[in-house]
Trainee: 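Here's a structure for you.
On a predicted model such as this, the values are computed, not experimentally measured, just so you know.
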Amino acid sequence: MTESGKPILYSYFRSSCSWRVRIALALKSIDYETIPINLIKDGGQQFSEEFQKLNPMKQVPALKIDGTIIGQSLAIIEYLEETRPTPRLLPQDPKKRAHVRMISDLIASGIQPLQNLSVLKEVGQENQLTWAQEAINFGFNALEQILQTTAGKYCVGNEVSMADLCLVPQVANAERFKVDLTPYPTISRINKSLLALEAFQVSHPCRQPDTPPELRA
């Protein structure tokens with residue numbers, strides 16, 4: 001912890017997993033310090049010995065809070081939810097809560113890892129775009145169907161939940177990989193509503209301390 005006892009978020013401006021956590025911190029009005037870990041510079045700062053001690057998986061985000069270090073975005077969000085429950089990011093109703101976790105897992109396990117940096121490196125430069133588009137389309141086809149049954153204004157009903165924190169960064173990735181979002185009206189509508197909220201704006205990749213000047217808002 002820093003002198004002030006402020007939480008420290010190890011983050012990369014473009015990491016969708018880091019963005020999920022930044023949204024949670026913003027929604028819960030938690031003041032924190034950012035230590036940028038550049039996933040591209042120096043062969044990837046996440047591979048440094050120092051960072052590996054914090055997170056053996058060599059991934060961002062990692063959050064130093066309450067005298068402990070937590071990796072994995074959903075585990076971090078669940079911890080924040082349990083220790084700082086307002087506003088709530090997991091519904092009280094068990095079925096709705098299960099839907100939130102199902103959607104979060106679908107994105108965090110079923111889409112995002114398939115098109116992240118380390119996987120794209122393995123796929124090879126010339127196949128990256130097609131590979132990423134196929135992975136996202138496959139996941140979005142399922143997600144669109146699910147959301148048609150669970151959504152209100154947001155992913156599950158009318159309250160912002162952990163599912164929404166996963167959705168917005170994933171849609172941004174889809175746009176970056178030039179995925180046609182026309183077949184996904186529900187995903188697009190929810191994404192648009194969420195991007196109007198302050199917590200989603202301040203946490204946006206174009207507004208981070210480590211955002212390169214040419215990508216700043």
Trainee: Drop me the distance from Asp105's CG to Ile111's CD1, to the nearest 0.5 angstrom.
Mentor: 11.5 Å
Trainee: Just checking Glu49: does its CD atom have more than 12 heavy atoms from other residues, nucleotides or ligands closer to it than 6.0 angstrom?
Mentor: no
Trainee: Out of curiosity, Glu134 CD to Leu129 CG, how far, rounded to the nearest 0.5 Å?
Mentor: 10.0 Å
Trainee: For residues Lys96 and Glu159, determine if any side-chain heavy atom of one lies less than 4.5 Å from a side-chain heavy atom of the other.
Mentor: no
Trainee: For residues 118-126, which side-chain N or O atoms pair as donor and acceptor with protein atoms under 3.5 Å away, sequence neighbours left out?
Mentor:
residue, atom, partner, partner atom, Å
Ser118, OG, Asn116, OD1, 3.2

Trainee: CD of Gln115 to OG of Ser16: how many Å apart, nearest 0.5 Å?
Mentor: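 Taking CD in Gln115 and OG in Ser16, the distance rounds to 6.5 Å.
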Trainee: Could you see if Leu165 belongs to whatever hydrophobic cluster contains Leu195? Use Ile, Leu, Val, Met, Phe, Trp, Tyr and a side-chain cutoff under 4.5 Å.
Mentor: yes
Trainee: Kindly give the heavy-atom pair with the smallest separation between Pro61 and Ile76, and that separation in Å.
Mentor: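 Nearest pair, atom of Pro61 first, then Ile76: CG-CD1, 4.0 Å.
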Trainee: I need the minimum non-hydrogen distance between Thr182 and Pro185, along with the two atoms involved.
Mentor: O-CD, 3.8 Å
Trainee: Flag the pair Ile30 / Pro7 as yes when at least one side-chain heavy-atom distance between them is below 4.5 Å, and no otherwise.
Mentor: yes
Trainee: Determine the minimum heavy-atom distance between Cys166 and Leu74, stating which atoms define it.
Mentor: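 Minimum heavy-atom contact is SG-CD2, 3.6 Å.
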Trainee: May I ask you to check whether over 12 heavy atoms, not counting those of Lys28, lie within 6.0 Å of atom NZ?
Mentor: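 Result for NZ/Lys28: enclosed.
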Trainee: Pairs in or reaching into residues 160-189: which pass ring-ring contact (aromatic ring centres under 6.0 Å, His included), with residues at least two apart or in two chains?
Mentor: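 Pairs touching residues 160-189 that pass the test: Phe140-Tyr184.
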Trainee: Can you measure from CG (Leu54) to CD1 (Ile35) and round to the nearest 0.5 angstrom?
Mentor: 8.5 Å
Trainee: Starting from the C-alpha separation in whole Å, work towards a yes-or-no answer on side chain to side chain contact (heavy atoms under 4.5 Å, CB included) for Phe13 and Leu215.
Mentor: CA-CA 10 Å; Phe13 80 101; Leu215 296 174; 3.8 Å; yes
Trainee: Let me confirm one number: the CG-CE distance from Leu89 to Met162, rounded to the nearest 0.5 Å.
Mentor: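 Those atoms lie 8.5 Å apart.
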Trainee: Check the pair Leu197 / Tyr154 against side chain to side chain contact (heavy atoms under 4.5 Å, CB included), numbers first and verdict last.
Mentor: CA-CA 12 Å; Leu197 305 175; Tyr154 305 121; 3.8 Å; yes
Trainee: Which pair of heavy atoms, one from Arg189 and one from Ala151, lies closest together, and at what distance?
Mentor: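 The pair with the smallest heavy-atom distance is NH2-CB, 4.0 Å.
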Trainee: If only atom types and distance count, is the side chain of Glu144 paired as donor or acceptor with the main-chain N or O of Thr186 below 3.5 Å?
Mentor: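 Indeed, once roles are kept as given, a pair shorter than 3.5 Å links the two residues.
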Trainee: Salt bridge (charged side-chain N to carboxylate O under 4.0 Å, His left out), that's the test. Do Lys64 and Glu33 meet it? Break it down for me.
Mentor: CA-CA 10 Å; Lys64 207 183 237 186; Glu33 189 187 320; over 6 Å; no
Trainee: Report yes if some heavy atom in the side chain of Tyr12 is under 4.5 Å from a heavy atom in the side chain of Gln208; otherwise report no.
Mentor: no
Trainee: Are Leu114 and Leu181 in one and the same hydrophobic cluster, where Ile, Leu, Val, Met, Phe, Trp and Tyr link if side-chain heavy atoms are under 4.5 Å apart?
Mentor: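 In one cluster with Leu114: Leu181, no.
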Trainee: For side chain to side chain contact (heavy atoms under 4.5 Å, CB included), just list the numbers for Arg22 and Thr34, CA-CA rounded to whole Å, side-chain angles, deciding distance to a tenth of an Å, and then say yes or no.
Mentor: CA-CA 10 Å; Arg22 294 195 303 258; Thr34 300; 5.7 Å; no
Trainee: Hey, are the side chains of Asn38 and Asp210 touching, using non-hydrogen atoms and a 4.5 Å cut-off?
Mentor: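 No - every pair of side-chain heavy atoms lies 4.5 Å or more apart.
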Trainee: Grab the two heavy atoms, one from Ile146 and one from Met102, that are nearest each other, plus how far apart they are.
Mentor: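 For Ile146 and Met102, the tightest heavy-atom pair comes out as CG2-CE, 3.7 Å.
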Trainee: Do the side chains of Leu167 and Val202 join up, straight or via other hydrophobic residues, at under 4.5 Å, putting them in one cluster?
Mentor: no
Trainee: Can you tell if the side chain of Gln59 reaches within under 4.5 Å of the side chain of Cys17, non-hydrogen atoms only?
Mentor: no
Trainee: Taking it one step at a time, do Ile65 and Leu80 satisfy side chain to side chain contact (heavy atoms under 4.5 Å, CB included)?
Mentor: CA-CA 9 Å; Ile65 191 167; Leu80 294 174; 3.7 Å; yes
Trainee: Between atom CD1 of Ile23 and atom CD1 of Ile77, what is the distance when rounded to the nearest 0.5 Å?
Mentor: 8.0 Å
Trainee: I'd like to know if Asp66 and Arg84 make a salt bridge, using a cut-off of under 4.0 Å between side-chain N and carboxylate O.
Mentor: yes
Trainee: Compare every heavy atom of Arg20 with every heavy atom of Ser73, then report the nearest pair and how far apart it is.
Mentor: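 Result for this residue pair: OG-NH1, 2.8 Å.
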Trainee: Restricting to side-chain contact (heavy atoms from CB on, under 4.5 Å), what partner residues turn up for Leu117, sequence neighbours left out?
Mentor: Leu39, Ile40
Trainee: I need the full list of ring-ring contact (aromatic ring centres under 6.0 Å, His included) pairs touching residues 191-217, with sequence neighbours left out, sorted by first then second residue.
Mentor: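 Of all non-adjacent pairs touching residues 191-217, those that pass ring-ring contact (aromatic ring centres under 6.0 Å, His included) are Trp19-His204.
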Trainee: Could you work out, with side chain to side chain donor-acceptor pair (under 3.5 Å) as the rule, every residue matching Ser48, not counting sequence neighbours?
Mentor: none
Trainee: Among residues two or more places apart or on two chains, list those pairs meeting ring-ring contact (aromatic ring centres under 6.0 Å, His included) that have a residue in residues 97-131.
Mentor: none
Trainee: Any side-chain heavy-atom pair from Pro91 and Val100 closer than 4.5 angstrom?
Mentor: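 The answer is yes; the side chains approach within 4.5 Å.
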Trainee: Taking the side chain as C-beta and beyond, is there a heavy-atom pair between Ile187 and Gln170 under 4.5 Å?
Mentor: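 No, too far: nothing below the 4.5 Å cut-off.
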Trainee: Less than 4.5 Å apart, any side-chain heavy atom of Arg88 and any of Glu81?
Mentor: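 The answer is yes; the side chains approach within 4.5 Å.
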